[in-house]
Protein chains: 2
Amino acid sequence: MVINLDIQEIIKTFRKNGYKVTAQRLAICKFILSRKDHPSAEQIYQGLSNEYPTISLGTIYKTLHLLKELGLVQELGFNEGSIRYDPDMELHINMVCSKCGKIYDYKAANVKELWNVIISDLGIKPKGQRIDIYYECEDCK
Amino acid sequence: MVINLDIQEIIKTFRKNGYKVTAQRLAICKFILSRKDHPSAEQIYQGLSNEYPTISLGTIYKTLHLLKELGLVQELGFNEGSIRYDPDMELHINMVCSKCGKIYDYKAANVKELWNVIISDLGIKPKGQRIDIYYECEDCK
DNA sequence: GTAACTGCAAACGCTTTGCACTCCC
DNA sequence: GGGAGTGCAAAGCGTTTGCAGTTAC
């Protein structure tokens, strides 16, 4: 399973928590789910400006914070000051191209196993994790 | 080996690359090496303001960029907009307290082994990596 | 109907830049 | 002595906030 969320589930989560379902919120969610490279707020804004010419960056940030609060996306802060949004909350590796900045998720069966070995050695209960690998992607080679 | 750098080595690296060795640069390096919790630029500034009352944030940022360029520290960007600086360039896990924000390095013999298994499965040559675990530290429990 | 949401613009905080003065080599 | 480095202040940029108008329920 590449994406562990669908729009119906998101709508349910909104309603269950007392948040309204608006066209803008749905558009932002769909956009993040439709892209596999973890867009920034600005990229979401650009990507939606055709369909929603009056949407504002403020709304996008507010929605992203809401999604984070509901546990539907993970924020990935980077050095260049940008924050990227990843809708995949399961354990995975972020493959980050150090040239173009695109990020793809890598999920292999054994990553989870190996990770569990490390965690059990640590003897603590992690609340979350983040694993990045920086490399040069095919397009940038 | 917890810290793989000492001041002498840093001075050599500066000179070798044609950069001058100044009191401010040394103070910043010593400060980062002396702390195990990966301070932010602001924390370095506060920590040095007694010894160097006229030091500026600009100088600290410039020095940190220089250290990064020379491969002496790693920048860790976080969601809250802050960047933290880690002088340990070897493979390790950043243990990040999600409450107080302190970061400690965790190095275990088997982490490197397990990591190598993952890398060889991927079939690519990583330029670097970052592994975070978010948890609640002893002080915050 | 009303409380929550949107869009806009102003404010904010961290980081970068420009420039005159200073100091290492 | 000269060029690199520092300190200061202003500018930059992504993000947050406040508020009047709008919309979901």
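All values derive from a computational prediction rather than experimental measurement. So you know, we letter chains A, B, ... as the sequences are listed, proteins then strands, and number each from 1.
- Following rounding to the nearest Å, A:Ile60 (CD1) and C:dC5 (P) show an atom-to-atom distance of 16 Å.
- When the side-chain nitrogen and oxygen atoms of A:Gln24 are compared with OP1 and OP2 of C:dG7, one or more of them lie within a distance under 4.0 Å.
- Each of B:Tyr19 and A:Thr22 has a nearest nucleotide on DNA chain C; the 5'-most of these lies closest to A:Thr22.
- In this structure, B:Leu57 atom CG and D:dG7 atom C1' are separated by 11 Å, rounded to whole Å.
- For the OP1/OP2 pair of C:dC14 and a distance below 4.0 Å, the side-chain nitrogens and oxygens of B:Ser40 include no atom meeting the criterion.
- Counting to the nearest Å, the P atom of C:dC23 and the CZ atom of B:Arg25 are 15 Å from each other.
- When heavy atoms are screened at a 4.0 angstrom cut-off, A:Thr59 is found touching base atoms of the nucleic acid.
- One distance of note links NZ of B:Lys68 with CD of B:Gln74; it measures 9.5 Å at 0.5 Å rounding.
- Residue whose closest nucleotide on DNA chain D sits further toward the 5' end, between B:Leu66 and A:Val21: B:Leu66.
- Spacing between atom CG of B:Leu67 and atom P of D:dG5 amounts to 12 Å, rounded to whole angstrom units.
- To the nearest angstrom, P of D:dG2 lies 13 Å from NZ of B:Lys20.
- OP1 or OP2 of D:dC25 lies within a sub-4.0 Å distance of a side-chain N or O belonging to A:Arg15.
- The phosphate of D:dG7 has OP1 or OP2 within less than 4.0 Å of a side-chain N or O from B:Thr54.
- Open room surrounds NZ on B:Lys12; 12 or fewer heavy atoms of other groups in view lie less than 6.0 Å from it.
- The nearest whole Å value for the distance from the CD1 atom in B:Ile11 to the P atom in C:dC25 is 9 Å.
- Distance OH (A:Tyr85) to P (D:dG14): 13 Å, rounded to an integer number of Å.
- Per the geometry, NZ belonging to A:Lys62 stands 10 Å off P belonging to D:dG18, to the nearest Å.
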Does the pair A:Asp88 and A:His38 meet the rule for a side chain to side chain donor-acceptor pair (under 3.5 Å), with working shown? CA-CA 10 Å; A:Asp88 193 337; A:His38 309 355; over 6 Å; no
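- Checking A:Ala23 against B:Ala41, the closest nucleotide of DNA chain C that is more toward the 5' end is the one next to A:Ala23.
- To the nearest 0.5 Å, atoms CD (B:Glu51) and CZ (B:Phe31) are separated by 10.0 Å.
- Using a 4.0 Å cut-off between charged side-chain N and carboxylate O, B:Asp132 and B:Arg130 make a salt bridge.
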